[in-house]
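Keep in mind that the numbers below use all heavy atoms, side chains included, and drop hydrogens, waters and symmetry copies. By convention in this document, chain letters (A, B, ...) are assigned in the order of the sequence lines, proteins followed by strands, and residues within each chain are numbered from 1.
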Amino acid sequence: MNVRKINILVHRYLGYFFFGLTIVYCVSGFALNHLDDWNPNYVLNNKKIEIKPIKNKEEISELEIREILYKFNIYSDFKKNNVFYPSEDTIQIILKKDEKVIINIEDNTANHEFVSRRPLFHALNFLHRNNIKKSWTYYADFYAVSLFLIALSGMFMKKGKEGIWGKGGLIALTGIIAPLAFILLYY
Amino acid sequence: MKIAKKIILSSIVFSLLTFSAFAKDTKFGPDLTIKNKTNVSEILVKPELFVGKNLLIEGVALDVCKERGCWIKISSDKKKQSIKLKVDDGDMVFPADSIGKNVKAEGSIYKVEISKEDIIEMEKEKAKNKSTKFDPKSIKEGKTIYMFKPKSVVITDK
């Protein structure tokens, strides 16, 4: 097998194999690029209501908690050890890992916060940001090396005027101008 | 065809090996090195005494930065207290659904001076997120706060 054939095989099979992961990084990259405009990971839900003043601000009673939860139409049970007093004016009841009620004892309001993972995007960003660590790091490294090989082998797919020493090389150089300009201007 | 089969088989084996190493705990940074923890309440009495010292603290996650996962607030061992663990954007990304989980963190206390203008901006953002009203005139001056900069964090189910 000659070098040219190996080059084509590397480009073709790595391209096939990493098609899915490339889509993951594309979609997630686009989502994470606009962090200032939206939250790509979570959908935040809030509902605020007025409540009766808490009688004993040092220790909220179980009955008072239940009354507040009912107002939010929450009928699930809560654990006493999930009631916290994080500051002078707030009491926090943790219902689930993504759901809590914050009581403001100063202005007598309660806020029900519910955070849900944004479908699809949360999972894709989870991979992109390498939140997993562990062996995903190696897999992502393997992808990075493969991406380099796909790019490099792509440069040698065509011979002659269309190839790296002709039109192909010129287009590749043009593509470098923008990132280089941004580094020179803003770095 | 033989090459294609070999590639597909190797890919499956490699992918399975990757899946096998997933852990339940969420860890950030190197392993914890300190065994004895310092109570959050002890730190909050005179935080300036703990600035720069390497400490291990523990608490329950009460709030997390939903936008960038760049901070997590944990409970104190005493009522009416909590402490914020803050990292530079991207250093660690704390999951927003960590609320109620147990957090162990090794790191140090640092001092932050916040200007009046910055407080107004932060409160505006907070009010926007919670769909509440905020009057900038209610902020009269800047303030000094103390936060915890972790280098290792372990988040586990309670």
>> Within the 4.5 Å heavy-atom criterion, are V93(B) and N125(A) side-chain neighbours or not?
In response: no
> Quick one: are L35(A) and R68(B) in side-chain contact, heavy atoms under 4.5 Å?
Replying inline: yes
> Quick one: does I99(B)'s side chain get under 4.5 Å of E99(A)'s, heavy atoms only?
Replying inline: no
>> Below 4.5 Å, heavy-atom pairs only: which of G59(B), G69(B), S82(B), S76(B) has the largest tally toward chain A?
In response: S82(B)
> Going by an N to O cut-off under 4.0 Å, is there a salt bridge joining D157(B) and K97(A)?
Replying inline: no
> Where do K100(A) and D63(B) land on the side-chain contact (heavy atoms from CB on, under 4.5 Å) test, with the steps shown first?
Replying inline: CA-CA 9 Å; K100(A) 63 183 178 181; D63(B) 203 2; 3.0 Å; yes
> Between L124(A) and F126(A), is there a shared hydrophobic cluster once you connect ILVMFWY residues whose side-chain heavy atoms come closer than 4.5 Å?
Replying inline: yes
> Within a radius of less than 6.0 Å around CG of N36(B), do more than 12 heavy atoms belonging to other residues, nucleotides or ligands occur?
Replying inline: no
> Using a cut-off of under 4.5 Å for heavy-atom pairs, which of A96(B), G90(B), S75(B) has the most such pairs with chain A?
Replying inline: A96(B)
> Q92(A) versus chain B, heavy atoms under 4.5 Å apart: side chain, backbone, both or neither?
Replying inline: side chain
>> Please tell me whether I145(B) and W71(B) are part of a single hydrophobic cluster in this structure, the criterion being side-chain heavy atoms less than 4.5 Å apart.
In response: no
> Between R12(A), E58(A), K96(A), K47(A), which shows the greatest number of heavy-atom pairs under 4.5 Å with chain B?
Replying inline: E58(A)
> Crowded around E50(A) CD? As in, over 12 foreign heavy atoms under 6.0 Å?
Replying inline: no
> Got a sec: does the CH2 of W38(A) have more than 12 other heavy atoms crowding it under 6.0 Å?
Replying inline: yes
> Would a distance-only check, ignoring hydrogens and angles, find a side-chain to backbone donor-acceptor pair under 3.5 Å from Q81(B) to S87(A)?
Replying inline: no
> Salt bridge check: are K66(B) and D98(A) linked by an N-O gap of less than 4.0 Å?
Replying inline: no
>> Do V112(B) and I43(B) sit in one hydrophobic cluster, given that two such residues count as connected whenever their side-chain heavy atoms are within less than 4.5 Å of each other, even indirectly?
In response: no
> On the ring face of Y85(A), is K79(B) found with NZ or CZ under 6.0 Å from the centre and within 45° of the axis?
Replying inline: yes
>> I need the I132(A) CD1 to T26(B) OG1 distance, nearest 0.5 Å.
In response: 11.0 Å
> Do Y110(B) and V45(B) sit in the same hydrophobic cluster, where Ile, Leu, Val, Met, Phe, Trp and Tyr count as joined when their side-chain heavy atoms come under 4.5 Å apart?
Replying inline: no
> More than 12 non-hydrogen atoms from neighbouring residues, nucleotides or ligands closer than 6.0 Å to CD on E48(B), yes or no?
Replying inline: yes
>> Nearest 0.5 angstrom please: F94(B) CZ to N131(A) CG, how far?
In response: 11.0 Å
>> Assess the residue pair V60(B) and I94(A) against the criterion (side-chain contact (heavy atoms from CB on, under 4.5 Å)); give the C-alpha distance rounded to whole Å, side-chain angles, the decisive distance to 0.1 Å, and a yes or no.
In response: CA-CA 10 Å; V60(B) 174; I94(A) 293 173; 4.3 Å; yes
> If two hydrophobic side chains count as joined below 4.5 Å and joins carry through other members, does L32(A) share a cluster with V24(A)?
Replying inline: no
